[in-house]
Amino acid sequence: MNATIPDTKLSYRETEILDLLSKGNSHKMISAELNISINTVRTMIKRAYFKLNVHSVTEAISKIYIHK
């Protein structure tokens, strides 16, 4: 999944976090792996969802793979 979607302009970090979520990682696990706070993880997820116009990780991943 390591690519951004041109029309949504997901940041590298947003894409990275969505990728980790799609692999079953929790917010806490992502926070520890990326050395960022849980609140930052939540904020990045919210931003990605907003940019993709989705409400769940399943919808986000689906939309990313459709546009890939």
Side-chain angles (χ1 to χ4, degrees):
M1 177 167 82
N2 298 319
T4 59
I5 301 170
D7 59 337
T8 59
K9 295 180 178 61
L10 287 179
S11 71
Y12 175 80
R13 186 64 97 183
E14 290 164 346
T15 305
E16 185 177 31
I17 289 172
L18 288 177
D19 185 45
L20 290 169
L21 279 174
S22 74
K23 294 176 181 173
N25 290 291
S26 68
H27 293 190
K28 187 174 182 179
M29 292 167 65
I30 294 169
S31 171
E33 182 170 332
L34 301 178
N35 198 27
I36 57 176
S37 74
I38 291 176
N39 286 334
T40 301
V41 172
R42 289 183 182 126
T43 298
M44 299 302 278
I45 292 168
K46 286 178 189 177
R47 287 181 185 169
Y49 285 6
F50 177 78
K51 289 177 181 180
L52 293 169
N53 194 29
V54 297
H55 302 287
S56 72
V57 69
T58 305
E59 286 180 297
I61 300 306
S62 174
K63 204 166 208 180
I64 288 170
Y65 284 120
I66 288 170
H67 286 87
K68 196 168 182 184

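Values below: all heavy atoms of this structure, side chains included; hydrogens, waters and symmetry mates excluded.
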Quiz item: Got a donor-acceptor contact below 3.5 angstrom from the T15 side chain to the S11 backbone?
Solution: yes
Self-check item: Partners meeting side chain to side chain contact (heavy atoms under 4.5 Å, CB included) with N39 (sequence neighbours left out)
Solution: S37, R42
Exercise. Under the side chain to side chain donor-acceptor pair (under 3.5 Å) rule, collect the residues that match up with R13, sequence neighbours excluded.
Key: E16
Quiz prompt | Beyond-backbone contact of I45 with T40, side-chain heavy atoms, under 4.5 angstrom | solution = no
Practice problem: Could you go through the side-chain contact (heavy atoms from CB on, under 4.5 Å) check for I17 and I36 one step at a time? | Solution: CA-CA 11 Å; I17 289 172; I36 57 176; 4.2 Å; yes
Practice problem: Could you tell me the separation between the CG atom of L10 and the NZ atom of K63, rounded to the nearest 0.5 Å? | Solution: 10.0 Å
Practice problem: Determine whether L21 and H27 make a side-chain contact, defined as any pair of heavy atoms from C-beta on separated by less than 4.5 Å. | Solution: yes
Self-check item: side chain to side chain contact (heavy atoms under 4.5 Å, CB included) against E59, all qualifying residues, sequence neighbours excluded
Solution: V54, H55, S56
Self-check item: Side chain S22, main chain I61, donor-acceptor under 3.5 Å
Solution: no
Exercise. Starting from the C-alpha separation in whole Å, work towards a yes-or-no answer on salt bridge (Lys or Arg N to Asp or Glu O under 4.0 Å) for E14 and R47.
Key: CA-CA 8 Å; E14 290 164 346; R47 287 181 185 169; 5.3 Å; no
Exercise. Check whether any side-chain heavy atom of L52 sits under 4.5 Å from a side-chain heavy atom of L18, and report yes or no.
Key: yes
Practice problem: Using the test salt bridge (Lys or Arg N to Asp or Glu O under 4.0 Å), find all partners of K28 that sit at least two apart in sequence or belong to another chain. | Solution: none
Quiz prompt | Minimum side-chain heavy-atom gap L20-L34 below 4.5 Å | solution = yes
